[in-house]
Amino acid sequence: MNRILIIDDDEAVLHDLQVFFMQVARYEVRCLSESTRAFEVLAELAPDIVLLDIDMPDISGIDILEYLAGRPGRPEVVILSGVEDIKLAVQAMKLGAYDYLTKPIDCDKLTITIERALERRNLVSEIRELRERTDAGGDEGPFGRVVTRAPQMLEIFKYVELIAPTDNAVLLWGESGTGKELLARAIHRLSRRRDRPFVAVNAGVFAGELFASELFGHARGAFTGAVSDKAGLVEKAHGGTLFLDEIGELPLAVQVKLLRVLQEGEYLRLGATENRHVDVRLITATNKDLREEIGRGSFRADLFYRLNVCNIFVPPLRDREGDVTYLAQYFVEKYARLHGRKLAAVSEDVLALLKRYAYPGNVRELENILNGAVLVETATELTRAALPQYFLEATLRGKPFIARGDRRDPGAERSIAEVEREHIERVLRSTSGNRTAAARILGISRVTLIAKIKQFKLDL
């Protein structure tokens, strides 16, 4: 049962609230009329929620907020005030108060506020425990780096646990920035190859011939500058797992060689004449529809069937129930510590905006948004003013996609493709067409951005 401490020098207010909470019968409640004992009772009770009067003699509500500010595990504070004082409310919020209610108290509104405050407190507690395990170097489990609460992702975890002990090839597909590499690493950690190498490479980074050399290695004299034999990534992954991201970008000539690795367990170094044998498990990822690529003639059907033994679709962030809120708190805490800020939470106003956004760049884009916002925020709670301009334009001036689980504005019914196209176009304009800068803002690779520009026929 959650503990609530009510601090107010007005005995009538304490009595009314005590009667109300007795009827609710969901909380352990204690009342305190002497603010001089506040610090003592706070330490003794360790409440989850504090309902706090601002205007009290001797020790004021502001004094108590200052005492609580920055303390680990501090309770959520809801201010109760007899007057609507905007300046005082702002001061209280800057000191970490969750909300500000005026007397006489609307009990329905108070109930909703307490439930939301408890939800945020539980969220902060979960993330703190996750962070402490990571900081202590403890066993964070195979999925420890995949920060999620979404039921869809938890179902994926169950499937991963089933397929990981096998040596089957795995194809991860979904939009950029959804965490496909993190899942690939989780599969490796749960496999019998966990003590062997995990080698990750992005197939879209290299040109065709260069990639063949990187992947399979080369013999001395294979090309100008090849002054010695060089082992490729396939060889470095021997006995372990090879993860190839953006497999849809792989040139056809390299696809043929990769197929031989899967079929025969052997490959040929560039410029060599003797086959080499290798034992690797292959995990691949793509943000493309490989069946469409087969139809276009840019991807081999026989390779696709070999790669697609186990198939995992990683849903976009906008479809992961509850993850925007969870990840927002996680990233704010992470970057507040990294940048030396005293941020403790995300304001309800900012959360509402974050939930409305479509995230073409998915988790990676959300992380980039919050990293920059934390850097410029000066309050103890992340506010709208710290958010990047392009994000505010997309959510405030346009007709943003409404996240799953929220009610939709009938005027905002647009397809994801329309939202994505408009957003990418806006970001490109804000960077004056600089694709590298735009890709960084969107949280996607430059190769993916170029593919999106072609897909949407953007003329920039």
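Nothing here was measured: the structure is a model prediction, and the numbers come from that model. Here, residue 1 is the first one in the sequence, and each next residue gets the next number.
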**Study point:** Candidate pair His188 and Arg281, rule side chain to side chain contact (heavy atoms under 4.5 Å, CB included), full reasoning
**Key:** CA-CA 9 Å; His188 176 71; Arg281 183 189 195 167; over 6 Å; no
Exercise for review: May I ask you to check whether Asn308 and Asn311 show a side-chain donor-acceptor distance below 3.5 Å?
Suggested key: yes
Exercise for review: Any chance you could measure Tyr27, atom OH, to Ile114, atom CD1, to the nearest 0.5 Å?
Suggested key: 5.5 Å
Check your understanding: Hey, is Arg296 close enough to Glu292 for a salt bridge, meaning N to O under 4.0 Å?
Key -> yes
Point to revise | Salt-bridge criterion met for Arg300 and Asp302 (N-O under 4.0 Å) | key: yes
Exercise for review: List the steps, then state whether side chain to side chain donor-acceptor pair (under 3.5 Å) holds for Ser125 with Asn122.
Suggested key: CA-CA 5 Å; Ser125 178; Asn122 292 336; over 6 Å; no
Point to revise | From CD1 (Ile312) to CD1 (Ile283), nearest 0.5 Å | key: 8.5 Å
Exercise for review: State whether the number of non-hydrogen atoms from other residues, nucleotides or ligands found under 6.0 Å of Arg116 atom CZ is greater than 12.
Suggested key: no
Review point. If we ignore angles and hydrogens, is there a donor and acceptor under 3.5 Å between the side chains of Glu126 and Tyr330?
Key: no
Exercise for review: Verify the ring-centre separation between Phe299 and Phe304: is it less than 6.0 angstrom?
Suggested key: no
Check your understanding: Taking C-beta and beyond as the side chain, do Arg320 and Val363 meet within less than 4.5 Å on heavy atoms?
Key -> yes
Review point. Taking C-beta and beyond as the side chain, do Leu428 and Leu449 meet within less than 4.5 Å on heavy atoms?
Key: yes
Exercise for review: Using a 4.5 Å cut-off on heavy atoms from C-beta on, say whether the side chain of Glu181 contacts that of Leu172.
Suggested key: no
Check your understanding: Is the shortest distance from a Lys or Arg side-chain nitrogen in Arg364 or Glu367 to a carboxylate oxygen in the other one below 4.0 Å?
Key -> no
Review point. Have Thr178 and Asn362 got a donor and an acceptor in their side chains that come within less than 3.5 Å?
Key: no
Exercise for review: Indicate whether any N or O donor in one side chain lies under 3.5 Å from an N or O acceptor in the other, for Glu175 and Tyr359.
Suggested key: no
Point to revise | pair Pro165-Arg192: side-chain heavy atoms closer than 4.5 Å | key: no
Exercise for review: Quick one: pull up CG in Asp289 and CH2 in Trp173 and give me the separation to the nearest 0.5 Å.
Suggested key: 7.0 Å
Practice item. Inspect the contact between Arg193 and Asp279 and indicate whether a charged nitrogen and a carboxylate oxygen are less than 4.0 angstrom apart. Key: yes
Exercise for review: Check whether the side chains of Ser347 and Glu381 place a donor and an acceptor atom closer than 3.5 Å, and report yes or no.
Suggested key: no
Point to revise | CD/Glu119: more than 12 non-hydrogen atoms of other groups inside 6.0 Å | key: no
Practice item. Run the numbers on Glu155 and Lys158 for salt bridge (Lys or Arg N to Asp or Glu O under 4.0 Å), then give the verdict. Key: CA-CA 5 Å; Glu155 285 300 314; Lys158 291 178 185 177; 3.3 Å; yes
Exercise for review: Look at the rings of Phe157 and Phe143 and say which category their plane angle falls in: under 30° parallel, 30 to 60° tilted, over 60° perpendicular.
Suggested key: parallel
Review point. Can you tell me how far CG of Leu171 sits from CG of Leu244, rounded to the nearest 0.5 angstrom?
Key: 11.0 Å
Point to revise | Donor-acceptor side-chain pairing of Thr113 and Tyr98 below 3.5 angstrom | key: no
Exercise for review: Using a strict 4.0 Å threshold on nitrogen-to-oxygen distance, state whether Glu76 and Arg120 make a salt bridge.
Suggested key: yes
Point to revise | Validation row: Leu80, Tyr100 side chains within 4.5 angstrom (heavy atoms) | key: no
**Study point:** Whether over 12 other heavy atoms sit under 6.0 Å from Arg291 CZ
**Key:** no
Exercise for review: Might you work through the side chain to side chain contact (heavy atoms under 4.5 Å, CB included) test for Gln329 and Val346, ending with a clear yes or no?
Suggested key: CA-CA 6 Å; Gln329 183 64 42; Val346 183; 4.2 Å; yes
Review point. Are the charged groups of Lys230 and Glu214 less than 4.0 angstrom apart, N to O?
Key: yes
Review point. Between Asp108 and Thr111, does any side-chain donor sit less than 3.5 Å from a side-chain acceptor?
Key: no
Review point. Roughly how far apart are Thr148 OG1 and Leu182 CG, rounded to 0.5 Å?
Key: 11.0 Å
Review point. Among Leu327, Asp319, Thr325, whose side chain to side chain contact (heavy atoms under 4.5 Å, CB included) with Asp323 holds?
Key: Leu327
Check your understanding: Do Thr286 and Glu246 have a side chain donor and acceptor closer than 3.5 Å?
Key -> no
